[in-house]
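The sequence lines fix the lettering, A, B, ..., with proteins before strands; numbering per chain opens at 1.
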Amino acid sequence: MVNIPSSIDDTIPAAEVEDVELYHSHSWWTTYVFSQDAKVIAIQYSLTAISIGLVALVLSWLMRLQLAFPGYFAFIDAEHYYQFITMHGMIMVIYLLTALFLGGFGNYLIPLMLGARDMVFPYANMLSYWLYLLAVLVLVAGFFAPGGPTGAGWTLYPPQAVLSGTPGGNDWGIILMLTSLILFIIGFTMGGLNYVVTVLQGRARGMTLMRMPLTIWGIFTATVMALLAFPALFVASVMMLFDRILGTSFFMPAIVEMGEQLKHGGGSPILFQHLFWFFGHPEVYIVALPAFGIVSDLISTHARKNIFGYRMMVWAIVVIGALSFVVWAHHMYVSGMNPKFGFFFATTTLIIAVPTAIKVYNWVLTLWRGDIHLTIPMLFALGFIVTFVNGGLTGLFLGNVVVDVPLSDTMFVVAHFHMVMGVAPIMVIFGAIYHWYPKITGRMLDETMGRIHFWVTFLGAYLIFFPMHYLGLLGAPRRYYELGETVVNPTSAHDLNIFITLMAWTVGAAQILFLFNAAWSLRRGKESGGNPWRATTLEWQTPTTPPPHGNWGKDLPVVYRWAYDYSVPGAPEDFIPQNQPDPERRSKEHST
Amino acid sequence: MSAVLIFLALLASIIIWWMAQQRLTSKPWLEAEKVSSFSHFTRSSIATEKIGLGVFLAVVGALFTLFISAYFIRMGSDDWWAIPIPRVLWVNTAALVVSSITLELAKSLAQQGDDETMKFALLASLITGIGFLVGQVFAWRELVFAGYLLADNPANSFFYMITGMHGLHILGGLLVLGRTTGKVLQGKTAQQVHLSIELCAMYWHFMLLVWLVLFALFAGWANDFVDICRQLLT
């Protein structure tokens, strides 16, 4: 503590943050339904995302049934199988992970962690949720439309996505899918503007950028990326809708369907792949960066130790965000690209491993000689590190062109991306829910149920996806409805598939326990008080828990320190909240 | 994808310039309660709404550069027949320029507090803006009558799609501008609507810039420009 000013007035400049006029809700409808309070919007986003996520979970169960017991269940025919794959992927990546991290945690945590009363544009924030809900409803409508939802795979590659051979290709499926994406992107843009501008303009006094918790850095950077990457998906969706409905030929080459020459011609399917992956790769980090940020805060809080290398953590987030815009074509190694391009994209892909590795080292070094409390959020954070390292390493394999080409169409890829952007972010989401549930509801989640949930989920997820790498190396192809007898896989591969399916059902069932816990603890959980984890960040310092609309009482908090003052030598407690002036000075102040 | 990469590079330089002022090399763990760490945090003096619009325009910019990237990639194929430029587009461009100028005028009049003239400038801008949209519809009709249908050729498809997308953005801008003008007509003073007018003007100039780039693209000048750049590089 150098340079302690003599009086408190020196430290606090004249008010830089004027108080905002909050929208006053008048009725139940405007308080809980058409609410402009970021916290209510966050809960709406989260509940919608989790609900649609459960649909995707059930779809994965059905897919696994088919893979383990091919042909045994009559209602899973090839068409349905592809529809399940497509909807599972699309829902999990966009409607669950993106919406939950940015719309859910972003909305809840940004104003609270920064000491703001609300987002800067609450009305647009509300619209953002309702457009998201509309997008989800349009997506779900696909299940009930004639022909069912699209079965084009979550990447929706043309030309197959709009041909009659693909489920939903010349029915409603693909149209609803694309419309839903367009709605989602418009809605997200409204929310995203809020998240970015609130970070820029809504911070409390004393909250410099370098005092922001890493959670906010992660969400902030991810939102900037999403704002710039989602337009690529928007453009691709609009152009494909034109191809499908109006008969243009942006992506559609000359093609014969059912012996009939279509009127399309000359279009470029590769153009779609470029646009899609220009969105698709940043999307991986749009999901990962908030997870990185949140996990940093979880580890620091529950190991009672300041985060190791805070500046490096911030820079790494920014560098990863920037680099992720120049690696997209590593998803297209098998599209017949120029080897020189392949070399370029392999290089940029491998370079991303450097800042990512810095982050992993820093998490581990934060744990090193920390006072580790194995609380449930901490367990999930540790689970994240393990899964993420595993998924990241196989990413290094796949980033190399020569390794990717033979593995590209195998289960190895499925195992890789589920580890790195499926299981790992989900671990963080669970950790974050266990961590912030007390702030949202005022009650703790049940500990025993939480531990069972963690161990089944963590070990189960590992038992699903770890053997899947092996299947991939054996050559088991992905996207196949059934392997049949033509494939040269040993019977052990088939037994392994049955095992994976059993594990998938177990892990899925464990989530029911989690949902029960969340509902049960809402009324019966142990009362948590305002700051059960004894954490430093501002959201734990609100005068009331759960925080009301407007978050803070009469006065906005003033920030005196960074977010990681844990176990400071000489301090009376092992944490010093961000809004607490130096204890020495405080006593001086009292004496005067 | 080069167009969008160039756009992102420009955006990145703005972000780097901004970040360079944010003391990202400071050591927050040593700076508890230091005066300097407070004085360096200044909420930007630019209005929050303006920053919000700025971020939104970056998104819109990314959207249109992506369309342009797609245009360039698709253009390389053999079945591409450039579309003729309807003459009315020149009139439309002029209308949009006038609209932008009058809006800029309204902005400075609002700063001076000259309510009456500002009202006229706003109305003029609204009318020329609507004129632009109507003109665009005429351009479409002209092309359709001349037999350049949407699905006949990728050049046609791109023309209709991109001008349509631009038109939608203009339409959105017109709604906001109409609301602001309505407020003025109902007797709000320049003081009260000053920020709205400034935001409208900012959006309008940006959409004019986008339109000029698109016009150059459709007229084929952008091509010549790219060729010249390529020759200079090789």
Side-chain angles (χ1 to χ4, degrees), chain A residues 1-5 10-13 16-17 120-121 189 192-193 196-197 200-203 205-211 224 227-228 231-232 234-235 238-239 242 246-250 263 265-268 271 274-275 278 306 310-311 314-315 318 322 325-326 560-562 564-565 581-582 585, chain B residues 1 4-5 7-8 11-12 15 19 22-44 46 48-49 51-56 58-67 69-70 73-74 76-80 150-151 153-154 156-158 160-161 165:
Chain A
M1 307 291 146
V2 282
N3 247 353
I4 293 174
D10 292 353
T11 58
I12 307 167
E16 290 170 70
V17 182
V120 286
F121 310 123
T189 307
L193 287 175
V196 170
V197 182
L200 294 180
Q201 291 291 85
R203 284 170 285 147
R205 271 188 283 166
M207 182 64 89
T208 59
L209 282 186
M210 292 307 271
R211 279 177 176 176
V224 173
L227 283 175
L228 297 174
F234 186 90
V235 168
V238 169
M239 285 166 69
F242 268 64
L246 301 171
T248 56
S249 304
F250 292 121
K263 56 189 171 157
S268 163
L271 170 59
H274 276 298
L275 288 172
F278 191 80
N306 63 305
Y310 174 82
R311 290 191 299 171
V314 171
W315 299 343
V318 175
F325 275 97
V326 285
Y560 293 93
R561 57 190 71 248
W562 71 328
Y564 300 99
D565 266 343
D582 193 53
R585 240 231 349 269
Chain B
M1 301 302 277
V4 71
L5 285 179
F7 176 77
L8 286 185
L11 217 54
I15 293 174
M19 284 176 60
Q22 302 298 319
R23 295 179 70 247
L24 292 193
T25 52
S26 64
K27 298 179 174 154
W29 53 94
L30 297 179
E31 294 187 344
E33 312 194 36
K34 253 171 88 173
V35 184
S36 60
S37 54
F38 283 107
S39 57
H40 268 84
F41 169 55
T42 40
R43 212 166 94 106
S44 168
I46 305 168
T48 303
E49 287 82 358
I51 294 179
L53 181 61
V55 177
F56 179 65
V59 178
V60 176
L63 180 74
F64 280 103
T65 40
L66 279 158
F67 272 120
S69 286
I73 294 180
R74 184 67 178 81
S77 58
D78 304 332
D79 61 339
W80 183 278
L150 172 79
N153 192 277
N156 306 1
S157 317
F158 268 109
Y160 288 110
M161 180 178 64
M165 193 56 73

(request) For chain A, find which of B:T25, B:L11, B:D78 contributes the most heavy-atom pairs closer than 4.5 angstrom. (result) B:T25
(message) To the nearest 0.5 Å, what is the distance between CE on B:M1 and CG on A:L275?
(response) 5.0 Å
(message) Under the rule for ring pair (Phe, Tyr, Trp, His ring centres under 6.0 Å), what residues qualify as partners of B:Y160, not counting sequence neighbours?
(response) B:W140
(request) Would you name the heavy atoms of B:R23 and A:M210 that are closest together and state the gap between them? (result) O-CG, 3.4 Å
(request) Using modelled atom types only, decide if a donor and an acceptor are shared between the side chain of B:S157 and the backbone of B:L150 within a distance under 3.5 Å. (result) yes
(message) Quick check on A:F250 against chain B: is it the side chain, the backbone, both or neither that has a heavy atom closer than 4.5 Å?
(response) both
(request) Among the options A:L271, A:T189, A:L246, pick out the one with the most heavy-atom pairs lying under 4.5 Å from chain B. (result) A:L271
(request) Name the option with the most non-hydrogen atom pairs under 4.5 Å to chain B; the candidates are A:Y310, A:F325, A:F121. (result) A:F121
(request) Just give me the residue among A:V314, A:V238, A:V197, A:V224 that pairs up with chain B most often, heavy atom to heavy atom, under 4.5 Å. (result) A:V197
(request) Let me know if B:S77 has heavy atoms under 4.5 Å from chain A in its side chain, its backbone, both or neither. (result) side chain
(message) Nearest 0.5 angstrom please: A:L227 CG to B:F56 CZ, how far?
(response) 10.0 Å
(request) Identify which part of A:Y564 has an atom lying under 4.5 Å from any heavy atom of chain B, answering side chain, backbone, both or neither. (result) neither
(request) Give the C-alpha distance, both sets of side-chain angles, the deciding distance and a yes or no for ring pair (Phe, Tyr, Trp, His ring centres under 6.0 Å) between B:F158 and B:F67. (result) CA-CA 9 Å; B:F158 268 109; B:F67 272 120; 7.7 Å; no
(request) Please look at B:V60 and chain A and tell me whether the side chain, the backbone, both or neither of the residue comes under 4.5 angstrom of a heavy atom of that chain. (result) neither
(request) With a 4.5 angstrom heavy-atom cut-off, could you sort out which part of A:V196 is near chain B: side chain, backbone, both or neither? (result) side chain
(request) Could you look at B:A12 and say if it's the side chain, the backbone, both or neither that has a heavy atom under 4.5 Å from chain A? (result) neither
(message) Using every non-hydrogen atom in the two residues, find where B:L24 and A:R311 come nearest and quote the distance to one decimal.
(response) O-CD, 4.2 Å
(request) Specify which of B:L63, B:N153, B:T65 makes the most heavy-atom pairs with chain A at under 4.5 Å. (result) B:L63
(request) Could you tell me which residues satisfy side chain to side chain contact (heavy atoms under 4.5 Å, CB included) with A:S249, sequence neighbours excluded, listed by chain and number? (result) A:H264, B:R74
